[in-house]
Amino acid sequence: MLRSSKSKSDIAKITFAVPLDDVSTAVAVVGEFNAWDPTAHRLRKRSNGTRSVTVELPIGRSWEYLYVSPDGEFFADPTAEAHVPNPYGGSNSVLTT
């Protein structure tokens with residue numbers, strides 16, 4: 001699930017969150033905004049029953065992303081606003097800022 005808010009006129013704060021019921025281990029968000037780096041944005045366990053991380057992104061464009069577990073399993077966000085095919089036979093989630 002995604003939550004967004006504006007931090008500046010040209011930047012959006014996007015919170016990527018996954019319910020703890022859906023993930024039993026650590027997870028990271030990877031995408032065009034962090035060169036698909038699984039160490040860049042790890043989601044932290046929160047007291048509200050989720051794992052989440054907030055990323056600041058420029059507004060006015062679309063971004064492809066996925067979640068990834070420590071064992072390298074990639075999975076799309078079922079609540080994403082859109083999905084597009086990726087070259088690995090799956091699909092990437094899409095958000096627009």
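In this structure, Ser24 has no side chain to side chain contact (heavy atoms under 4.5 Å, CB included) partners at least two apart in sequence or on a different chain. The side chain to side chain contact (heavy atoms under 4.5 Å, CB included) search around Ala40 returns Asn34, Asp37, not counting sequence neighbours. Not counting sequence neighbours, the partners of Pro58 by the side chain to side chain contact (heavy atoms under 4.5 Å, CB included) test are Trp63. In this structure Phe75 satisfies the ring pair (Phe, Tyr, Trp, His ring centres under 6.0 Å) test together with Tyr67, sequence neighbours excluded. For Glu32, the salt bridge (Lys or Arg N to Asp or Glu O under 4.0 Å) partners are Arg61, not counting sequence neighbours. Considering only residues two or more places apart in sequence or on other chains, Ser69 meets the side chain to side chain donor-acceptor pair (under 3.5 Å) condition with Asp71. The side chain to side chain contact (heavy atoms under 4.5 Å, CB included) check on Arg46 picks up Arg44, Asn48, Thr50, Ser52, with sequence neighbours excluded.
In this structure, Arg42 contributes its side chain and Val29 its backbone to no donor-acceptor pair below 3.5 Å. Formation of a donor-acceptor pair under 3.5 Å by the His83 side chain with backbone atoms of Asp77 is found in this model.
Between Pro70 and Ala26, the closest heavy-atom pair is CD-O, 2.9 Å. Glu64 and Asn92 get closest at one heavy-atom pair: OE1-ND2, 2.8 Å.
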For Phe33 and His41: C-alpha separation, side-chain torsions, deciding distance, then whether side chain to side chain contact (heavy atoms under 4.5 Å, CB included) applies.
CA-CA 10 Å; Phe33 48 85; His41 296 104; 4.1 Å; yes
After noting the C-alpha distance and the side-chain angles of Ile14 and Leu95, does the key distance pass the side chain to side chain contact (heavy atoms under 4.5 Å, CB included) rule?
CA-CA 9 Å; Ile14 306 296; Leu95 73 95; 4.3 Å; yes
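Using a 4.5 Å cut-off between side-chain heavy atoms of Ile, Leu, Val, Met, Phe, Trp and Tyr, with links allowed through other members, Tyr65 and Val94 fall into different hydrophobic clusters.
The hydrophobic cluster containing Leu66 also includes Val30, Trp36, Val68, Phe74, under a criterion of side-chain heavy atoms closer than 4.5 Å among ILVMFWY residues, counted directly or through chains of members. Through direct or indirect side-chain contacts shorter than 4.5 Å among Ile, Leu, Val, Met, Phe, Trp and Tyr, Tyr88 is connected to no other residue.
Between the CG atom of Leu43 and the NZ atom of Lys45 there is a distance of 13.5 Å, given to the nearest 0.5 Å. The CG atom of Leu57 lies 11.0 Å from the OG1 atom of Thr96; values are rounded to the nearest 0.5 Å.
For residues 78-95, there are no salt bridge (Lys or Arg N to Asp or Glu O under 4.0 Å) pairs, not counting sequence neighbours.
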